[in-house]
Amino acid sequence: MGLLQLLKSQFLCQLIICYVFLASGLIVNLLQLCTSPLWLINKQLARRLNVRLAYCISSQMVAALEWWSGTECTLYTDPKSYSLYGNENAIVVLNHMFEIDFLCGWTFCERFGVLGSSKVLAKKELAYVPIIGWMWYFLEIVFCKRKWEEDRTTVAQSLQRLQDYPENFWFLLYCEGTRFTPKKHQISMQVAESKGLPKLKYHLLPRTKGFWVTVQNLRGTAAAVYDSTLNFRNNEAPTLLGILNGKKYHADLYVRRIPLELIPEDEAECAAWLHKLYQEKDSFQEHYTETGRFPGPIVSPARRPWSLINWLFWSCLLLYPLALLLIQLISSGSVLTIVVSAAICYAASAGVRWMIGQTEINRGSNYGNKEQIDSLRKPSKAST
Ligand SMILES: CC/C=C\C/C=C\C/C=C\C/C=C\C/C=C\C/C=C\CCC(=O)SCCNC(=O)CCNC(=O)[C@H](O)C(C)(C)COP(=O)(O)OP(=O)(O)OC[C@H]1O[C@@H](n2cnc3c(N)ncnc32)[C@H](O)[C@@H]1OP(=O)(O)O
Ligand SMILES: CCCCCCCCCCCCCCCCCC(=O)OC[C@@H](O)COP(=O)(O)O
């Protein structure tokens with residue numbers, strides 16, 4: 001193990017990274033809150049400001065992936081589509097199999113200059129995660145309860161609000177609705193069978209309603225769907241803790257640009273289109289398993305220095321006062337102050353560990369573990 005690798009695996013270094021993330025994140029959340037009155041006066045300016053503030057937070061996680069762990073991200077895509085990435089609004093459809101797939105997504109957002117404004121259809125529970133969830137509130141992220149009866153209006157309304165968004169954005173949709181586990185896969189394939197759909201090997205059966213409502217409400221706003229399929233070399237199952245430990249992974253992303261006009265407007269046809277897309281995605285994963293690569297040429301964008309510069313800025317700003325505080329604390333000699341400070345540090349690290357836990361598949365939700373009973377009993381019907 002090299003010296004640098006040894007350093008990266010040190011708990012103290014990881015503690016410093018987490019401290020900078022936590023302290024800067026809370027400061028940024030506070031600044032975002034301060035923009036509230038501006039929304040009433042100049043909404044577009046408030047949005048632009050929040051895009052930049054959000055960048056300060058999400059780019060720290062990107063910096064951890066790109067600069068700390070040194071993870072490499074390779075893009076397989078058609079060179080003609082490449083020039084459009086980052087220069088138009090798009091709906092991104094991504095497989096949901098890995099704990100850090102969202103972070104790899106963010107890395108590509110960063111490389112194409114849309115990190116601050118990137119959006120997602122996220123489960124409501126994530127809105128309450130400090131820093132990221134609170135940041136998302138000001139970014140107009142679309143939340144869903146994964147209960148169609150409630151989501152059908154709220155999701156459509158939130159999407160419509162994005163029609164005059166002042167910056168280019170990518171809207172991420174995990175159509176599988178939850179992360180892949182063998183049990184969820186088995187259940188979703190029972191649903192596929194009951195619907196007469198072919199079985200998928202590497203994906204859960206996609207939920208079609210969110211996709212349809214997104215496409216319908218972003219017509220005229222987004223130019224295309226970016227069908228994206230992610231995998232990691234050497235059968236790795238990367239984790240956020242691995243990244244913090246400085247472990248290097250190699251991500252491969254295959255992206256196909258599909259103009260939005262090619263997607264059917266009718267709900268049933270749109271659902272059938274999405275099922276076909278997932279069958280194709282499954283075949284790309286099969287190709288990857290057999291050959292170790294995706295089809296098509298590689299046109300990888302290089303990492304940019306901005307995420308690192310942002311992290312260095314916050315570190316300089318926040319580590320100096322921390323050092324002063326520690327010196328003062330030790331020299332005070334007060335046992336009570338030291339014990340209280342230690343308790344605060346412990347609570348903060350437990351909080352960060354809980355946040356990291358949100359990314360862990362084995363702590364994931366039960367969604368997709370139980371719905372088969374209803375859906376197998378009921379014959380499939382039109383849902384509008
Ligand atoms: C160039 C580079 C390109 C790309 C770079 C890549 C990415 C970068 C882009 C952007 C990055 C931005 C941000 C990233 C940051 C962080 C993201 C982090 C995480 C957030 C992710 C989440 O929270 S995922 C969970 C929430 N999202 C979703 O659920 C979306 C999908 N779901 C839907 O669309 C649903 O339809 C719904 C949520 C709208 C409604 O949910 P509900 O449960 O009510 O679903 P349905 O009504 O669809 O369910 C009933 C139908 O489903 C059938 N059924 C029943 N059981 C199952 C089962 N187990 N599996 C499959 N289907 C099942 C049932 O039969 C019903 O069928 P119908 O025929 O009646 O439809
Ligand atoms: C600079 C680096 C510092 C790192 C230390 C702090 C890390 C804090 C990390 C907080 C991240 C919290 C939000 C990330 C989003 C999680 C994405 C995700 O994968 O969500 C799962 C859902 O899609 C589906 O849920 P399930 O139904 O599978 O359950």
Side-chain angles (χ1 to χ4, degrees), residues 14 17-18 20-22 25 58 60-65 68 75 77 81-82 85-86 90 92 94 96 98-109 111-112 114-115 118-126 129-133 136 141 143-152 155 169-181 184 187-192 194-195 204-214 226 228 230 240 243-244 253 255 257 271 301 311 352-353 355-361 363-372 374-376 378 380-383:
Q14 296 160 14
I17 292 175
C18 290
V20 173
F21 179 77
L22 208 65
S58 40
Q60 286 189 47
M61 295 190 65
V62 170
L65 182 93
W68 180 253
L75 179 64
T77 198
S81 307
Y82 185 91
Y85 299 157
V92 176
L94 185 63
H96 208 7
F98 304 101
E99 292 188 356
I100 60 158
D101 48 25
F102 77 95
L103 190 48
C104 289
W106 264 352
T107 298
F108 283 101
C109 290
R111 294 182 190 197
F112 287 100
V114 290
L115 179 60
S118 66
K119 320 231 169 285
V120 60
L121 176 54
K123 58 178 183 181
K124 186 75 188 158
E125 294 86 329
L126 292 174
V129 175
I131 301 173
I132 301 272
W136 277 350
I141 292 296
F143 290 104
C144 64
K145 292 189 174 166
R146 296 190 283 192
K147 291 189 184 107
W148 180 240
E149 314 79 58
E150 293 177 50
D151 292 337
R152 60 187 308 159
V155 169
F169 65 87
W170 290 351
F171 186 88
L172 175 63
L173 199 53
Y174 289 114
C175 297
E176 292 160 90
T178 188
R179 283 161 299 182
F180 188 103
T181 68
K184 288 180 182 181
I187 290 169
S188 85
M189 287 309 103
Q190 286 173 10
V191 178
S194 75
K195 289 177 180 232
L204 304 178
L205 189 69
R207 311 276 181 154
T208 57
K209 293 189 181 85
F211 178 73
W212 176 73
V213 83
T214 304
Y226 295 170
S228 308
L230 178 73
L240 197 51
I243 297 291
L244 270 178
L253 184 74
V255 181
R257 182 184 181 277
W311 188 80
V352 172
R353 185 65 194 85
M355 283 160 75
I356 293 172
Q358 298 300 304
T359 66
E360 292 173 350
I361 294 178
R363 296 183 191 209
S365 72
N366 256 329
Y367 182 75
N369 265 342
K370 50 186 163 48
E371 279 119 312
Q372 90 284 11
D374 286 347
S375 99
L376 292 178
K378 275 193 297 193
S380 169
K381 57 177 168 46
S383 49

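These figures come from a predicted structure and were not determined experimentally. Atoms within each ligand, like the ligands themselves, are counted from 1 in listed order.
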**Request:** Could you check F108 against Y85 for ring pair (Phe, Tyr, Trp, His ring centres under 6.0 Å), going step by step and ending with a plain yes or no?
**Result:** CA-CA 10 Å; F108 283 101; Y85 299 157; 9.5 Å; no

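- By the 3.5 Å distance cut-off applied to N or O atoms, V120 is not counted among the residues near ligand 1.
- With K195, R207, R146 as candidates, the residue nearest to atom 68 (P) of ligand 1 on a non-hydrogen basis is K195.
- Closest to atom 13 (C) of ligand 1 by heavy atom, among F169, W106, F102, W212, is W106.
- At a heavy-atom distance under 4.0 Å, no atom of E99 approaches ligand 2.
- Side-chain contact between I356 and L244 is present, with heavy atoms from C-beta onward closer than 4.5 Å.
- Between T77 and Y226, every side-chain heavy-atom pair lies at or beyond the 4.5 Å cut-off.
- Here K119 has backbone heavy atoms under 4.0 Å from ligand 1, and that is the only part of it that gets that close.
- Of the protein's non-hydrogen atoms, L126 CD1, 4.0 Å is the one closest to atom 20 (O) of ligand 2.
- For ligand 1, none of its N or O atoms has an N or O atom of Y174 under 3.5 Å away.
- When heavy-atom distances to ligand 1 are checked against a 4.0 Å cut-off, L126 comes that close only through its side chain, counted from C-beta outward.
- For atom 13 (C) of ligand 2, the nearest non-hydrogen atom from the set I132, T181, I361 comes from I132.
- In this structure, L240 and M61 have side chains that are in contact, with non-hydrogen atoms separated by less than 4.5 Å.
- For the ligand labelled ligand 2, residue Q14 lies outside the 4.0 Å heavy-atom shell.
- Side-chain contact annotation: K123 with S365, donor-acceptor N/O pair under 3.5 Å absent.
- The residue I131 has no part lying near ligand 2, judged by heavy-atom distances below 4.0 Å.
- In this structure, R353 pairs ionically with E360, as a charged nitrogen and a carboxylate oxygen lie closer than 4.0 Å.
- Counting heavy atoms under 4.0 Å from ligand 2, residue R146 touches it through the side chain alone.
- The closest approach between a heavy atom of H96 and any atom of ligand 2 is below 4.0 Å.
- Counting only non-hydrogen atoms, the option in C109, S118, A271 that gets closest to atom 9 (C) of ligand 1 is C109.
- By the criterion of a heavy-atom distance under 4.0 Å, both the backbone and the side chain of L205 are placed next to ligand 1.
- By heavy-atom distance, the residue among P301, S365, G210 lying nearest atom 36 (O) of ligand 1 is G210.
- With Y85, F211, W136, Y367 as candidates, the residue nearest to atom 18 (C) of ligand 1 on a non-hydrogen basis is W136.
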